[in-house]
Amino acid sequence: MGRRIRMKVLSKKFNPHIYISEKVKEIKNMIGDDLAVTALSGGVDSSVVTMLGHKALGNQLKAYFINNGLMREGEPEQVVAVFKKLGVKVEVVDARSKFFSALAGISDPEEKREAITQTFYKEVFQKLVKTHQAKYLLQGTILTDIEETAAGIKRQHNVFAQIGIDPQKAFGYRMLEPLIDLRKDGVRRVAKALGLPVAVYQRMPFPGPALSARVIGSVTPEKIDLVRKVTLIVENQLRKSGAFQYMAILHNDRVTGMREGKRAYGMQIEIRCWDSLDARKAYPTKLPFSVLTKLADKIVAACTEIVSVTYNIASKPPSTMEAV
Ligand code: XMP
């Protein structure tokens, strides 16, 4: 089925405007006179869903940005501002302590992902849906999320029904997933057709578990602060690289380095920068060596805890794009 849909989406006949009007109709029919809740992360998938929901439901749609403490620098404010311009009111929910408590002491990658999922869906969304007596959570799950989860590669944070979990039973509400038949390239075309700004429709993917997917081992607010600081440097330096996605990963192991002539048992950052079409396969971008060394210089200058910076040169597969 996925293959057939992909053919449809990527064929020249795919018309994002027709897609939009069909999806708007579908959402209207499903929600009727009820309210629906949507959680917006600012990524292209959730932005498209929010705009489709807004077109279909107007004030019947309640849009939230969940501040889980794991987002990038300035992200909550930026997302709210972008959608304000588009006429969509987005409320920020401060859930930082909930997420950090759920992640405390967990270092296994799939357990970390599960903790994030449960906190989002059981703790945060459930309360929002109940508050509004909404039946549905509108969310931006796409085909690639399902494929990787179903294949047992990585538990994507937003996949349930497709792997046999009934959201109604597990969390007490249903999910409406209008983008389930698209991959990232299709979503970007719909985003553009919806009039979303270029910064949104060309926005680099960012995972649901956010910066916790970029910390190997247990997650603490301090480690997230460090990886957030490095992420800003990496994103600024590689913005013009044309790559599909780039990121900084904080390793768990320390290595010996030196600072001010003294031994420093410091932390390690791994840079990943990927060329990819749809995230199913990915190849390390052939960045000029001068770009890499400049990046390393900036990172070790800004973060005294870090003494080692490496660049990943393996492809996906067998690598995955995120480290967790
Ligand atoms: P991986 O690491 O699986 O990543 O090769 C493929 C693409 O998916 C993004 N990613 C996620 N997106 N929820 C998401 O919405 C998740 O749990 C998740 N995990 C990974 C990743 O950033 C890359 O673009």
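In each ligand, atom 1 is the first atom listed, and ligand 1 is the first ligand listed. What you see below is based on every heavy atom in this structure, not just the backbone, and it leaves out hydrogens, waters and symmetry mates.
The nearest protein atom to atom 24 (O) of ligand 1, hydrogens excluded, is given as Gln245 OE1, 2.7 Å; this is a heavy-atom distance. For atom 1 (P) of ligand 1, the closest non-hydrogen atom of the protein is Met321 N, 3.5 Å. Distance from atom 13 (N) of ligand 1 to its nearest protein heavy atom, with residue and atom name: His157 ND1, 2.8 Å. Among all protein heavy atoms, the one lying closest to atom 7 (C) of ligand 1 is Ala279 CB, 3.8 Å.
Residues Asn158 and Gln139 come closest through the heavy atom pair O-NE2, 3.1 Å.
No salt bridge links Lys229 with Glu305; every basic N to acidic carboxylate O contact stays at or beyond 4.0 Å. Under the 4.0 Å criterion applied to side-chain N and carboxylate O atoms, Lys294 and Asp297 are not assigned as salt-bridge partners. Taking a cutoff of 4.0 Å between a charged side-chain nitrogen and a carboxylate oxygen, Glu26 and Lys23 qualify as a salt bridge. The pair Lys112-Glu322 fails the salt-bridge criterion, with no side-chain N (NZ, NE, NH1 or NH2) lying under 4.0 Å from an Asp/Glu carboxylate O.
Here is the list of ligand 1 atoms found below 4.0 Å of a heavy atom in Pro205: 24 (O). Below 4.0 Å from some heavy atom of Lys154 lie the following atoms of ligand 1, by number and element: 1 (P), 2 (O), 3 (O). Residue-ligand proximity, Gly208 to ligand 1, at heavy-atom distances under 4.0 Å covers atoms 12 (N), 13 (N), 14 (C), 15 (O), 16 (C). Atoms of ligand 1 lying under 4.0 Å from at least one heavy atom of Glu148, given by number and element, are 1 (P), 3 (O).
Selection from Glu322, Arg214, Gln156, Lys316 by nearest heavy atom to atom 16 (C) of ligand 1 gives Gln156. Considering only non-hydrogen atoms, atom 20 (C) of ligand 1 lies nearest to Arg113 out of Arg280, Lys281, Met247, Arg113.
Geometrically, Arg189 does not engage Phe14 in a cation-pi contact defined by less than 6.0 Å to the ring centre and at most 45° from the axis.
Annotation: Phe244 places no N or O atom under 3.5 Å from an N or O atom of ligand 1; distance criterion only.
When each of Phe125, Tyr121, Phe120, Tyr173 is tested with Phe160 by the rule ring-ring contact (aromatic ring centres under 6.0 Å, His included), just one qualifies, namely Tyr121.
Residues Arg174 and Tyr136 bring a donor and an acceptor atom of their side chains to less than 3.5 Å of each other.
Look at Pro209 and you'll find a heavy atom under 4.0 Å from some atom of ligand 1.
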